[in-house]
Amino acid sequence: MAREYIPQEIETKWQKHWEDTGLYRSKVDPNAPKHYALTMLPYPSGDLHIGHWYAMAPSDTRARYMRMRGFNVLFPMGFDAFGLPAENAAIKRNIHPKEWTYSNISNMRRQLKSMGAMFDWAREAISSDPKYYRWTQWFFIQFFNHGLAYKKMAPVDFCPACNTTLAREQVWGEDRRCERCETRVIKKNLNQWFFRITDYADDLLDFSGIQWPERVVAMQTNWIGRSEGAEVIFTTERGDELPVFTTRPDTLWGATFMVMAPEHPLVAALTTDEQRTEVQAYVEQAARASDIERESAEREKTGVFTGAYAINPVNGERIPIWVADYVMMTYGSGAIMAVPAHDERDFAFARKYGLAVRVVIQPEGESLDGATMSAAYVGGGVMVNSDQFNGTVVTDDKGRRNPGISQVIDWLEQNQIGHEAISYRLRDWLISRQRYWGAPIPMIHCPDCGIVPVPMDDLPVLLPDDVKFVPTGESPLKLHPAWKFTTCPQCGREDAEREMDTMDTFMCSSWYQYRYLSPDEDSYPFDPEEASYWLPVDQYTGGIEHATMHLLYTRFFTRAMRDCGVFQPVRPMNPDLQPDTIFTEPMTRLHNQGIILAEDREKMSKSRGNVADPDDLVEKYGADAVRAYLMFAFKWEQGGPWDSQGINGVVRFLNDVWSLVTEYQSVSDAQMTVPASAIRALERKVHQTILDVTADIEEFSFNTSIAKLMELRNTLQEFSDTPVVNTSAWRQAIRTLLLLMAPITPHIAEELWQFIGGEYSIHQQPWPEGNESIAAEETITLVVQVNGKVRDRIQVPADISESEAKQIALESDAIGRFLQGQKPPRKIVYVPGRLVNIVL
RNA sequence: GGGGGAGUGUCGGAACUGGCAGACGAGCAUGACUUAGGAUCAUGUGCCGCAAGGCGUGCGGGUUCGAGUCCCGCCUUCCCCA
């Protein structure tokens, strides 16, 4: 009965059968516990690469495992289908973005199906479908109506290659490059739409409702960048108020000058005539430097005196106002008080321009002198030169936890010259994009009524198909008068203009987990019944690169939806869940996979020609082998370099399993004597494997789970030429092996399951139950150490007593040699089930 | 400069709350079967040593009967932020 294992044959066969029998249709079932497993949806670039497989196949394994564990699992898939590459293809190859996108989707859908994942394709959502982006637009209007979306003129980051603006999160690295194309961004003053994500800064800093990797939590916390301090109102001699934010109000008495950002609106008004030429030249030059250059601690500080003075409200002192580019308009109010004695950058600046340095925090046991100190002192100590605060203790703590800071804030508030304040690094989310292939922002500009949202009933605002693409990448919407001009929904004027910008595609992907629930629903963004059952997402998987983009946006989006009342019709079916907890966090648990590098340890890229193409690999080895190899070869969170030889290991494993199942079926019931110890040994290994594989898949340790299955394979091979193959223990072992493999290599498991007469489908069988007592070893290797060095290993019964163990150890020949001529042992350490250490 | 990871054979990687370092696999070596082998099977494979034995988890200290694991100080490297 030697059938050959031809993966490609059985894989397409079962994929079709699974689809025909609706095996992966997931339906609401209030009687079963639910599990919403989600993996980040791909951009339809045209080809599924190995990175997609690496992200998705293990996620699929985990979802399949949860299903066998008795959960009703939803594992959907879709496409994040708006975006620039489609438009660039249109410009370059004269193919419409829609056509390009949808033909890519159909190819990628085929490739995804070849993976054999349990995706429920009936729930597929494509963000560029009008039935999808209608609701993206609906959300925009919801946010607008609730004051969460606004338009303002602002200096924004602009990618000249993509010819569009970017959100702050989408500008990467020290040299500020576009997240997509790595071109260096430039600053532009533009009128743009923003979402008030900063209103949610504190809410987003609360991670108590989610179990996400610490790394992501740290990155988001860092990104939001909360700093506690005070806002203090300085005034110019002219009488302008100059509020400054400081984290160190305890050093207010040490402020010897002020610095304004070159873009500060008051600069021109404050500058005296004598200084005007110099200041103007400086401001112009500063505009050309990048933010990073300006903020760098190493860079030589530059600046010019405005000629104006301000009054320090705490002591009435008159201090000079300078302009310097190390102060950012985006930080606080664009002006700072400079305390050179206790701030490194202020110190460097003061020394360079000969400005006064006054010590107001004296460290214990030291005596700093402003005239001679060689570096700013930023630690704690005792306040000096600070009037009534002299002697107040200042610690290293931030904000109110610092007694000095806390007392000064109280005093500022009592005297109404300042108040406690919190500053964030987070900026509002810029969502306007000056491109065609995105969801149009559903707003109308009327000369009389101003900005008017498109009525909800008129959604979606459809993208016109008949557009011309120009090489500059300028949005074709601007060149389409029929689309551009419309009727004002409020006053009926016919020369109102549509908003011509489209939305950041991160907007589309911020809520796709809700659209999957009911992609065809046309009266609401999602079906509340489905939402009541499935939400929130229980397990999310995807790349870490989205830590401060998608993963932050979607947390914001869910909170904004909550506050707009979008979740009101949803009544959680799970009595353990509170509506609030569900709708604050979109995804309860998150796991991030690493990156697969090419064999040369470089990034895989077509231009380098070092890509491992999944289609080729499936053709050569089969999908099961590719899946298993990706899970076996790396620590999932870590990733690593592809090894084209390494896959042989799992190919052999699958071939061996095939032979074990198909060649060693017991053919006769002939009673042969099989030693009971052999049966027990086999059963023990089987149960050990169940327990280990279960624990491993539970915690995303796919590589070790497959290693354990290979060990079971090795054990089965040892028994395969013995009468053990005629026992029910053997048959049970084979059944178990297939069940444990089912989530990892679904096709071969299904095929062999059918071969041994199992009921369709293996993927609907319960996960095997491991039994600790069957798994327990009968004998153990007792390690005997002398002074911590291993000197002997002795097989002993597992339930050996401490005194027996010590005695056996002391009587061992190998040990005797070390004990000879020595004094009696000082100490004998016994670790149950492991070792005896004899200390001389 | 701040935050977060990571350093274990030739390679990918194992090692639970401190208890046999190197599971599992790749590769390699030797042998077998073969006209043939990028198939299959067997054996071996951390380093030094003929052996007894010694040395080994980035480096240097420490705690402990015992440290890849805990503590202190470094080095290298990756990511994020400045």
Side-chain angles (χ1 to χ4, degrees), chain A residues 4 168-169 171-174 176 213-225 291-299 326 328 331 344-345 378 425-426 543-549 592 594-597 599 601 620 628-653 655-656 659 688-689 691-693 695-696 699 701-714 717 721 780-794 814 817-818 825-840:
Chain A
E4 209 188 331
R168 177 68 186 85
E169 290 77 20
V171 179
W172 282 24
E174 236 173 274
R176 302 184 55 74
E214 234 177 88
R215 195 152 59 124
V216 177
V217 171
M219 282 166 78
Q220 291 200 350
T221 304
N222 217 325
W223 186 261
I224 294 166
D291 285 3
I292 284 286
E293 281 162 13
R294 288 173 49 175
E295 283 182 38
S296 164
E298 286 93 63
R299 182 164 172 263
Y326 75 93
M328 299 294 144
Y331 177 79
E344 287 168 30
R345 290 187 299 181
V378 297
R425 224 181 63 85
L426 184 70
I544 186 86
E545 66 275 15
H546 287 293
T548 55
M549 299 194 294
N592 301 108
I595 295 171
I596 300 298
L597 299 172
E599 217 147 356
R601 289 167 183 273
K620 194 167 172 193
Y629 177 60
L630 286 170
M631 285 182 254
F632 175 65
F634 317 91
K635 198 180 191 147
W636 195 57
E637 314 81 72
Q638 207 172 291
W642 179 258
D643 176 0
S644 53
Q645 304 238 49
I647 196 169
N648 291 329
V650 293
V651 169
R652 285 173 197 143
F653 170 67
N655 279 317
D656 290 345
S659 311
Q688 287 172 346
T689 309
L691 292 167
D692 288 347
V693 170
D696 288 346
E699 59 200 49
S701 182
F702 303 107
N703 55 346
T704 52
S705 72
I706 295 174
K708 304 287 167 40
L709 291 170
M710 287 175 166
E711 283 190 41
L712 180 57
R713 176 267 316 257
N714 293 345
Q717 282 181 329
D721 286 322
I780 54 154
T781 306
L782 184 71
V783 171
V784 186
Q785 298 180 330
V786 176
N787 286 339
K789 287 196 192 300
V790 179
R791 296 302 179 185
D792 199 8
R793 296 186 172 95
I794 308 168
R817 284 185 314 182
F818 288 93
R826 279 200 291 137
K827 188 172 171 184
I828 301 175
V829 180
Y830 175 64
V831 182
R834 294 192 183 272
L835 60 75
V836 172
N837 187 9
I838 299 162
V839 187
L840 296 177

Pairing partner of [N] (Watson-Crick or G-U wobble, both distances under 3.5 Å):
N      : result
B/rG37 : none
B/rU69 : none
B/rG18 : none
B/rG56 : none
B/rG49 : none
B/rA23 : none
B/rU8  : none
B/rG44 : B/rC28

Given side chains that start at C-beta, do those of [X] and [Y] come closer than 4.5 Å, heavy atoms only?
X      : Y      : value
A/V836 : A/V829 : no
A/V693 : A/L709 : yes
A/I838 : A/F818 : no

Atom of A/F653, atom of A/R713 and distance for their closest heavy-atom approach:
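Heavy-atom minimum between the residues: CA-NH1, 3.4 Å.
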Would you please name every residue forming a ring pair (Phe, Tyr, Trp, His ring centres under 6.0 Å) with A/F702, sequence neighbours left out?
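Ring pair (Phe, Tyr, Trp, His ring centres under 6.0 Å) list for A/F702, sorted by chain: A/W636, A/F700.
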CG of A/L597 to CG of A/D643: how many Å apart, nearest 0.5 Å?
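Output value for this atom pair is 12.5 Å.
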Can you tell me how far apart CZ (A/R834) and OG1 (A/T781) are? Round to the nearest 0.5 Å.
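Result: 11.5 Å between the selected atoms.
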Taking for each residue the nucleotide of RNA chain B with the nearest heavy atom, is it A/M710 or A/M219 whose nucleotide lies nearer the 5' end?
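Going by which nucleotide is closer to the 5' end, it is A/M710.
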Interatomic distance where [atom1] belongs to [X] and [atom2] belongs to [N] [whole Å]:
X      : N      : atom1 : atom2 : result
A/I544 : B/rA6  : CD1   : C1'   : 14 Å
A/E4   : B/rA39 : CD    : P     : 15 Å
A/N655 : B/rG25 : CG    : P     : 15 Å

Distance-only donor-acceptor check, side chains A/E711 and A/T689, under 3.5 Å:
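Note: A/E711 and A/T689 side chains miss the donor-acceptor criterion.
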Summarise how protein sits on nucleotides 9-22 of chain B as a single string, 5' to 3': B when a protein heavy atom is under 4.0 Å from the base, S for sugar-phosphate-only contact, - for no contact.
--SBSS-B--BB--
Output yes when at least one side-chain N/O atom of [X] is less than 4.0 Å from OP1 or OP2 of [N], else no.
X      : N      : answer
A/R713 : B/rC24 : no
A/R345 : B/rA82 : no
A/N714 : B/rA23 : no

Between A/F634 and A/W642, does the ring centroid distance fall short of 6.0 Å?
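Between A/F634 and A/W642, the centre distance exceeds or equals 6.0 Å.
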Report, one pair per line, the protein and nucleotides 48-55 of chain B atoms (nitrogen or oxygen only) whose separation is under 3.5 Å.
from, atom 1, to, atom 2, distance (Å)
B/rG54, OP1, A/R791, NH2, 3.3
B/rG54, OP2, A/R791, NH1, 3.3

